[in-house]
Amino acid sequence: MEQSGKKNPSKGLLQSEELYQYILETSVYPREPEPLKELRDITATHPKAVMATAPDAGQLMDMLLKLINAKKTIEIGVFTGYSLLLTALSIPDDGKITAIDVDRQAYEMGLPVIRKAGVEHKINFIESQALPVLDKLLEDKGNEGSFDFAYVDADRPSFPGYHERLLKLLKVGGVIMYDNTLWGGTVALPDPSLAPQGRKSCWKDCIEFNKILAADTRIEISQAPLGDGVTICRRLY
Ligand code: SAH
Ligand code: CA
């Protein structure tokens with residue numbers, strides 16, 4: 001079942017769907033590693049497939065991981081594992097990913113592909129709410145300032161709470177990437193009642209969080225309109 005090349009209108013924020021497809025088909029899909037394609041096809045059968053990280057945002061994430069030589073990373077929101085497998089393929093063989101999700105079943109859907117790709121040994125999957133795991137990590141002083149990279153893709157209302165904890169866990173110069181920060185483009189609407197049904201919830205959380213990031217002097221940021229909008233943050237001090 002080859003679904004990789006099909007249109008995926010829900011993920012494009014660009015004004016023209018054709019331009020988004022052009023980007024995917026010209027620069028993203030042809031360079032997407034085979035295991036990621038396979039995982040994307042398996043995920044397409046999941047009723048919530050739309051939640052998976054957009055391949056164009058994934059390509060940027062892969063680039064960032066390599067530019068900063070990320071070795072120790074953390075991921076909040078695994079789902080079937082597209083961004084997790086991507087990270088596992090990007091970091092070195094002795095790299096480690098702490099991956100947190102409340103849904104082990106979704107993770108297990110992608111696990112055979114992760115195993116086949118030979119990268120399962122880099123992953124520590126923790127089935128849990130994310131906040132208590134971050135607090136637990138912070139109880140060990142050795143974890144402070146030790147992570148190179150964090151990817152946050154779950155539970156919008158908790159983003160400010162994740163942010164404070166991750167800034168402690170991240171080393172200076174480390175990077176946090178937040179997904180869905182443009183919330184289908186609805187963050188520009190004057191009122192959530194104008195947003196499509198699925199975008200009414202968390203609309204306010206997204207807007208508030210974007211303001212928090214913009215005002216946070218501890219980081220540099222870049223808001224990239226890829227996928228559903230990603231914000232890249234670099235810890236300054
Ligand atoms: N990064 C994934 C997509 C994540 S979708 C990919 O590339 O495919 C969001 C995920 O967050 C879901 O799997 C959901 O189970 C998980 N989630 C929601 N609330 C959570 C919480 N409080 N703590 C941890 N995981 C949570
Ligand atoms: Ca997402």
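By convention here, the first residue in the shown sequence is residue 1. Indexing begins at 1, ligand by ligand and atom by atom, following the structure's order. Everything numeric here is computed off the predicted structure, so don't read it as measured data.
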Asker: What's the spacing between Thr181 OG1 and Leu213 CG if we round to 0.5 Å?
Answerer: 8.0 Å
Asker: Kindly identify the option in Ser128, Gly227, Ala49 whose heavy atom sits closest to atom 24 (C) of ligand 1.
Answerer: Ser128
Asker: Using 3.0 Å as a strict upper limit, say whether an N, O or S atom of Asn180 approaches the Ca ion (ligand 2) that closely.
Answerer: yes
Asker: Tell me the protein heavy atom at minimum distance from atom 3 (C) of ligand 1, and give that distance in Å.
Answerer: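 Heavy-atom neighbour on the protein nearest atom 3 (C) of ligand 1: Asp153 OD2, 3.2 Å.
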Asker: Using ring centroids (six-membered ring only for Trp), state whether Tyr162 and Tyr178 fall under 6.0 Å.
Answerer: no
Asker: Students should be able to answer this: which protein heavy-atom is nearest to atom 12 (C) of ligand 1, and at what distance?
Answerer: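 I find the closest protein heavy atom is Asp101 OD2, 3.5 Å.
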Asker: Where on Tyr107 is there a heavy atom closer than 4.0 Å to ligand 1, on the side chain, on the backbone, on both, or on neither?
Answerer: neither
Asker: Out of Val175, Leu166, Thr98, which residue meets the side chain to side chain contact (heavy atoms under 4.5 Å, CB included) rule with Phe147?
Answerer: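 That would be Thr98.
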Asker: Can you name the atoms of ligand 1, numbered from 1 with element, that are less than 4.0 Å from a heavy atom of Tyr151?
Answerer: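 Matching atoms, with element in brackets: 1 (N).
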Asker: Considering only the protein, which heavy-atom contact is closest to atom 21 (C) of ligand 1, and what is its distance?
Answerer: Gln129 OE1, 3.8 Å
Asker: Do the side chains of Tyr107 and Glu127 get nearer than 4.5 Å, heavy atoms only?
Answerer: no
Asker: What pairs of donor and acceptor atoms, side-chain ones from residues 78-90 against any protein atom, are under 3.5 angstrom apart with sequence neighbours left out?
Answerer:
from	atom 1	to	atom 2	distance (Å)
Thr80	OG1	Thr43	OG1	2.7
Tyr82	OH	Glu32	OE2	2.4
Ser83	OG	Glu75	OE1	3.2
Ser83	OG	Glu75	OE2	3.1
Thr87	OG1	Ser83	O	2.7
Ser90	OG	Asp62	OD1	2.4
Ser90	OG	Leu86	O	2.9

Asker: Just need the protein heavy atom nearest to atom 19 (N) of ligand 1, so name the residue and atom and give the distance.
Answerer: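 Of the protein heavy atoms, Asp155 CB, 3.6 Å lies nearest.
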Asker: Could you tell me the angle subtended at the Ca ion (ligand 2) by OD1 of Asp153 and OD2 of Asp179, rounded to 10°?
Answerer: 100°
Asker: Starting from atom 11 (O) of ligand 1, which protein heavy atom do you reach first, and at what distance in Å?
Answerer: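 Of every protein heavy atom, Ala154 CB, 3.1 Å lies nearest to atom 11 (O) of ligand 1.
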Asker: For atom 23 (N) of ligand 1, what is the closest protein heavy atom, and at what distance to 0.1 Å?
Answerer: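 Answer, as residue, atom name and distance: Ala130 N, 3.0 Å.
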Asker: So if I count the atoms of ligand 1 from 1 in the order they appear, which ones are less than 4.0 Å from some heavy atom of Thr53?
Answerer: 1 (N), 6 (C), 7 (O), 8 (O)
Asker: Could you find the nearest protein heavy atom to atom 8 (O) of ligand 1 and give me its residue, atom name and distance?
Answerer: Ala52 CA, 3.3 Å
